[in-house]
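Hydrogens, waters and symmetry mates play no part in the numbers below; they use all other heavy atoms, side chains included.
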Amino acid sequence: MTEQINTQELIDLALQAGQAILNIYHDKDLAGDVDYKSDNSPLTLADKASHNVIMKGLTKLYPNIPIISEEGEQVEYSARKNYDTFWLIDPLDGTKEFINRNGEFTVNIALISKQKPVFGIVYAPVPDVVYVGTGERAFKLVNGKEAPLKVNNSTSNRIAVRSKSHASPEEEIILKEYDVTDSISVGSSLKFCMVAEGKADIYYRHGPTMEWDTAAGQAVLESAGGKVFKETGPTPFTYNKESLLNTGFLGLGF
């Protein structure tokens, strides 16, 4: 499936979505316009703007591939259970980071095939860094220059990447089991990318996420040689479940 995907077109689309976010981020009046969904999670004008850009672009580029987006109309399982391949989008991952103005938010575009993420782009608009996982390889783009991504494969004194917004006692137990001696903190799906480029070795999340939160980051990490499992053991972390709510997971760079 990925051989039919034009990577540069999708990078360009992520950049366009990122620019739509930045247009609002740099306008204090617009950036401060925050609504709340039924689950009490925040929704900004930037979430909506990025969603519109990506939906328009993907519909034009790949009209026959269905799209599931956090900000789109939710598709009932009775319909989407038949999706063999589909786009899974988080137009603005890290909305709390956007609101807190720390720059650690991303645009996430993933392609799911047979319940697995086979392609993913994570774009951080503020530092202007693009992370790409094609299934065959992973790389990042900084100032237009491409650099390969490869996990560390560390065997000891590992570094964990941790959330700025979420933590749990279970996390401490798991990190001890994997000989973690240090940690770094970063928001959104950038945590997957830190493991993919070898700045960290493990990303554990006990609390709930949604499928669109993890798909693009998982594609980048696995393309860089890493693994993502359910937290209960070496079981594949899959997509298009009856509920789009994820279990806990473990991302490893070794």
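For the 3.5 Å distance criterion, the side chains of N240 and Q115 fail to qualify, holding no donor opposite an acceptor. Inspection of the T106 and S189 side chains reveals an N or O donor paired with an N or O acceptor under 3.5 Å. Counted by atom type alone, D201 and S154 present one or more donor-acceptor pairs between their side chains at under 3.5 Å. Checked by atom type, the side-chain pair Y131/E197 shows a donor-acceptor distance below 3.5 Å. For the residue pair N152 / K199, no side-chain donor-acceptor distance below 3.5 Å is found, with atom types taken as modelled. In summary, the side chains of E170 and Y204 do not present any donor paired with an acceptor at a separation below 3.5 Å, with no hydrogens or angles considered.
A side chain to side chain contact (heavy atoms under 4.5 Å, CB included) with W212 is found for one member of I109, D93, L244 and no other, namely L244.
At distances below 3.5 Å, not a single donor-acceptor pair connects side-chain atoms of R162 with backbone N or O atoms of V186. Formation of a donor-acceptor pair under 3.5 Å by the E97 side chain with backbone atoms of E104 is not found in this model. The main-chain N or O of Q8 is found under 3.5 Å from a side-chain atom of N6 such that the two form a donor-acceptor pair. Judged by distance alone, the side chain of S223 and the main-chain N or O of G135 form a donor-acceptor pair under 3.5 Å. Formation of a donor-acceptor pair under 3.5 Å by the Q74 side chain with backbone atoms of G72 is found in this model.
L221 contributes atom CG, which lies 11.5 Å from atom OG1 of T214 (distance to the nearest 0.5 angstrom). M210 contributes atom CE, which lies 10.0 Å from atom CD1 of I68 (distance to the nearest 0.5 angstrom). Atoms NZ and OG1, on K37 and T95 in that order, are 6.5 Å from each other to the nearest 0.5 Å. Within the model, atoms CD of E211 and NZ of K241 stand 3.5 Å from one another, a figure rounded to the nearest 0.5 Å. Remark: H51 NE2 to I89 CD1 distance equals 10.0 Å, nearest 0.5 Å. Taking CD of Q19 as the reference point, atom CD1 of I24 lies at 10.5 Å (rounded to 0.5 Å).
In this pair, W87 and Y62 present their aromatic rings tilted. The plane angle is within the 30 to 60° band.
Ring centroids of F237 and F249 are separated by less than 6.0 Å, placing the two rings close together.
Remark: R101 is positioned above the aromatic ring of Y25, its terminal NZ or CZ atom under 6.0 angstrom from the ring centre and at most 45 degrees off the axis.
Hydrophobic cluster membership differs between V195 and V180, with clusters built from Ile, Leu, Val, Met, Phe, Trp and Tyr side chains linked at under 4.5 angstrom. Residues L43 and L30 are members of separate hydrophobic clusters, defined by side-chain heavy-atom contacts under 4.5 angstrom among Ile, Leu, Val, Met, Phe, Trp and Tyr. Linking Ile, Leu, Val, Met, Phe, Trp and Tyr residues whenever their side-chain heavy atoms come within less than 4.5 Å places I112 and V75 in a single cluster.
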- Query: Going through the distances and angles, do D128 and Y123 end up as a side-chain hydrogen bond (donor to acceptor under 3.5 Å, both in side chains)?
  - Reply: CA-CA 7 Å; D128 193 21; Y123 174 46; 2.8 Å; yes

